Amino acid sequence: MRRPVIELSDCVVCEVCVEACPAVFLLNDAGYIEIIDMAEYPEACVDEAVRNCPEDCISWEEGG
Ligand code: SF4
């Protein structure tokens, strides 16, 4: 399964990803961006977040 991952040490919590793709990205109570667990991620929406992240810290991880 392909899933988005965030390099949290680079994330500045600007919430651009949350705005681009609120079904997938969430600002949690601890103040970190979280990726919601999904069986399958909406590619277009995640790609938009990847493109617009000012820190370039979102990427796709290929995994099983
Ligand atoms: S767009 Fe990038 S820097 Fe901004 S909150 Fe999302 S992951 Fe963090």
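Being a predicted model, the structure only gives us computed values, none of them experimental. The figures that follow rest on heavy atoms only: side chains count, while hydrogens, waters and symmetry mates do not. Each ligand, and each atom within it, is numbered from 1 in the order the structure gives.
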**Q.** Intermediate values then yes/no, side chain to side chain contact (heavy atoms under 4.5 Å, CB included), I33 and I6
**A.** CA-CA 8 Å; I33 302 294; I6 297 176; 3.3 Å; yes
Q) Relative to atom 2 (Fe) of ligand 1, how many protein N, O or S atoms have a separation of less than 2.8 Å? A) 1
Q) What is the minimum heavy-atom distance between M1 and A39, and which atoms define it? A) SD-O, 3.1 Å
Q: With rounding to the nearest 0.5 Å, note down the distance linking CD1 in I58 to CG in N52.
A: 9.0 Å
Q) Would you call R2 and E43 a salt bridge, using N to O less than 4.0 angstrom? A) yes
Q.
Show me which atoms of ligand 1 lie under 4.0 Å from any heavy atom of V13.
A. 5 (S), 8 (Fe)
(Q) Suppose we screen for side chain to side chain donor-acceptor pair (under 3.5 Å). Which residues come up paired with E55, at least two apart in sequence or across chains? (A) none
Q.
Please evaluate residues C57 and C11 with respect to the criterion disulfide (SG to SG under 2.5 Å), reporting the C-alpha separation (whole Å), side-chain torsions for both, the decisive distance (0.1 Å), and the verdict.
A. CA-CA 6 Å; C57 59; C11 174; 5.0 Å; no
